[in-house]
4 protein chains.
Amino acid sequence: MDLRIDPSNSLPIYAQVVDQVKALVACRALRPGDAVPSIRDLAATLRINRNTAAKAYQLLEADGVLETRQGQGSVVAEGGTRWSWEERRRRLVVSLDRTLVEAHHLEIPPEEVVRLLEDRIRITTRRPRAGDKA
Amino acid sequence: MDLRIDPSNSLPIYAQVVDQVKALVACRALRPGDAVPSIRDLAATLRINRNTAAKAYQLLEADGVLETRQGQGSVVAEGGTRWSWEERRRRLVVSLDRTLVEAHHLEIPPEEVVRLLEDRIRITTRRPRAGDKA
Amino acid sequence: MDLRIDPSNSLPIYAQVVDQVKALVACRALRPGDAVPSIRDLAATLRINRNTAAKAYQLLEADGVLETRQGQGSVVAEGGTRWSWEERRRRLVVSLDRTLVEAHHLEIPPEEVVRLLEDRIRITTRRPRAGDKA
Amino acid sequence: MDLRIDPSNSLPIYAQVVDQVKALVACRALRPGDAVPSIRDLAATLRINRNTAAKAYQLLEADGVLETRQGQGSVVAEGGTRWSWEERRRRLVVSLDRTLVEAHHLEIPPEEVVRLLEDRIRITTRRPRAGDKA
DNA sequence: GTGGTCTAGACCACG
DNA sequence: GTGGTCTAGACCACG
């Protein structure tokens with residue numbers, strides 16, 4: 001699992017880990033059932049404190065992204081969101097609105113935002129091949 | 001300028017001000033050249049610390065959203081983004097990718113994300129009419 | 001806020017705090033909007049580490065029981081659960097089944113469990129009086 | 001004896017075994033005098049560590065659920081709780097109160113809790129018939 | 001080996 | 001003043 005901590009990033013270290021793991025899961029570089037490094041290994045690799053690594057994993061578990069098994073490390077969880085459809089929609093709309101505000105300040109017109117979104121979908125959800133799990 | 005501070009929001013107050021001013025500019029409730037309240041007035045209206053209001057304005061200026069003319073208060077800056085098209089595109093893609101990662105974890109399929117984005121564009125870019133509150 | 005840590009309890013300290021605060025909210029000894037002690041105060045009073053107290057408050061916030069405001073301590077949150085009705089029902093059934101298993105081992109018949117439950121409801125949801133918020 | 005270990009459950013394996021055996025006894029799928037597998041067999045079947053299985057049986061014995069006769073394996077103990085009525089009532093009330101606290105936070109009203117409890121009693125105390133799997 | 005808890009103590013952001 | 005982050009390091013539970 002290839003993570004990079006940027007100490008100049010104002011985002012806390014544990015949040016950088018959380019975001020990057022979520023991104024790896026979202027782009028299917030990590031799939032349900034895949035093992036992730038132990039907290040100790042991750043901490044050593046990233047040269048961060050064990051507690052910081054543990055906090056990231058705990059948040060990922062609370063978010064349903066990882067599952068931790070009895071002294072056997074963590075794996076990527078199966079899906080199955082715990083939120084109502086309304087709640088999920090509400091959360092995504094917050095994210096979309098934030099993006100639209102940014103687009104306006106970047107002077108990128110709405111149609112172009114839609115076009116770029118479709119681009120990114122095409123790029124990030126790349127074709128599963130034979131043998132890949134859907 | 002109608003801003004609302006949510007004390008239970010984990011986002012710092014100054015950042016809430018920044019985001020909301022940007023949103024008002026983005027939805028054209030505030031337009032280039034429009035005056036915004038003085039730091040002192042804003043602090044009094046929102047009942048926040050004057051330093052907090054000052055920090056927000058300072059960030060908005062750094063972002064090119066406001067312009068402060070010595071002793072004459074601040075106004076919404078003319079557009080004229082300072083970044084290249086490539087840089088602007090790059091920044092929006094970061095935001096879109098973040099949204100797509102979230103959509104994946106919320107188990108909202110890409111087509112639905114596009115549909116919701118188009119919804120939000122329709123809703124948020126509706127031209128404010130005379131009498132509308134900012 | 002009167003909490004008691006039992007060092008001989010196998011439940012971690014932070015979880016004892018969480019449970020007791022939840023109980024105080026459930027029996028309306030703490031109501032939405034009420035302030036709770038600062039993390040530093042709580043830690044000093046209970047003679048536990050600040051980090052341990054912070055962890056308890058963070059979990060309570062994640063659970064929607066507390067809201068933390070900008071450097072101004074925490075207050076009891078307004079209601080508004082974030083889970084679907086199915087999820088909420090599922091969680092309560094887990095708790096009820098656990099109770100029924102325990103009742104069986106205590107050789108307390110089901111009808112008596114229902115009777116005791118009704119007793120506890122009567123005792124713990126004591127009459128709101130005029131002026132009390134519903 | 002049909003037990004299922006869920007490795008993603010945060011409850012330790014030995015506790016899962018304890019809870020499930022208690023549940024089987026509670027729903028009368030296991031009755032006083034019934035033999036349970038040896039520690040060695042249980043460990044092999046569930047593919048868990050032999051020490052883990054031993055710890056579960058030891059706790060079940062301490063709780064008066066199993067009885068081990070030297071060299072003859074373990075059987076489900078006769079009822080005959082060792083506690084006074086007051087003590088047994090006190091323990092169940094702890095469990096009921098915990099459930100009521102949870103119901104409050106799930107915003108499930110007390111009457112609904114009673115209704116759900118009655119449902120669960122109806123469902124869980126249905127007498128197992130010949131041919132039913134334990 | 002694995003993760004979880006707790007402490008002591010530093011330092012920072014916010015207001 | 002408030003809470004949040006991070007480290008170093010100890011000790012424990014689980015298997």
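For the numbers below, each heavy atom of this structure counts, side chains included, while hydrogens, waters and symmetry mates do not. Quick caveat: nothing in here was measured; it's all calculated off a predicted structure. Below, chain A is the first sequence line, B the second, and so on; all start at residue 1.
Heavy atoms only, all atoms of each residue included: D/Q16 and D/D6 are closest at OE1-N, 2.9 Å. Annotation for B/L66 and B/S74: closest pair CD1-CB, 4.5 Å, computed over non-hydrogen atoms.
Among the heavy atoms of the strands, none lies under 4.0 Å from B/I48.
Of the inter-residue distances, the one linking D/L3 atom CG with D/I13 atom CD1 reads 12.0 Å to the nearest 0.5 angstrom. With rounding to the nearest 0.5 angstrom, the CG atom of A/L30 is 14.0 Å from the NZ atom of A/K22.
Here the side chains of C/H104 and C/L100 are not in contact, with every heavy-atom distance at 4.5 Å or above. With contacts defined as side-chain heavy-atom distances shorter than 4.5 Å, the pair B/D63/A/H105 does not qualify.
Salt bridge C/R98/C/E102: absent, no basic N to carboxylate O contact under 4.0 Å.
Put simply, CZ on C/R50 is 11 Å from P on E/dA10, counting in whole angstrom units. Distance, C/I39 CD1 to E/dC14 C1': 14 Å, rounded to whole Å. To the nearest angstrom, C1' of E/dC6 lies 15 Å from CG of C/N9. D/Y14 has its OH atom 12 Å from the C1' atom of F/dC12, to the nearest Å. Between the CD atom of C/E67 and the C1' atom of F/dG3 there is a distance of 15 Å, given to the nearest Å. For A/L46 and F/dC6, the CG to C1' distance is 14 Å, given to the nearest whole Å. Residue B/I13 contributes atom CD1, which lies 12 Å from atom C1' of F/dT2 at whole-angstrom precision.
Side-chain N/O atoms of C/R40 and base N/O atoms of F/dG3 include a donor-acceptor pair closer than 3.5 Å.
Toward the 5' end of DNA chain F, the nearer of the two residues A/A53 and C/S38, judged by each one's closest nucleotide, is C/S38. Residue C/N49 is the one, among C/N49 and B/P12, whose nearest nucleotide of DNA chain E lies closer to the 5' end (criterion: closest heavy atom). Looking at which nucleotide of DNA chain F each of C/P37 and A/Q72 is closest to, the 5′-most match is held by C/P37. Between A/T68 and C/L11, the one whose closest nucleotide on DNA chain E sits nearer the 5' end is A/T68.
For B/T52, the listed nucleotide lying nearest its side chain is E/dG15; candidates were E/dG15, F/dT7, E/dT2. Looking at the side chain of C/N51, the nearest of the listed nucleotides F/dC6, F/dC11, E/dC6 is F/dC6.
Taking every heavy atom of residues 54-61 of chain C and every atom of DNA chain E, pairs under 4.0 Å involve C/K55, by number.
With both pairing distances under 3.5 Å, E/dC6 is matched to F/dG9 as a Watson-Crick or G-U wobble pair.
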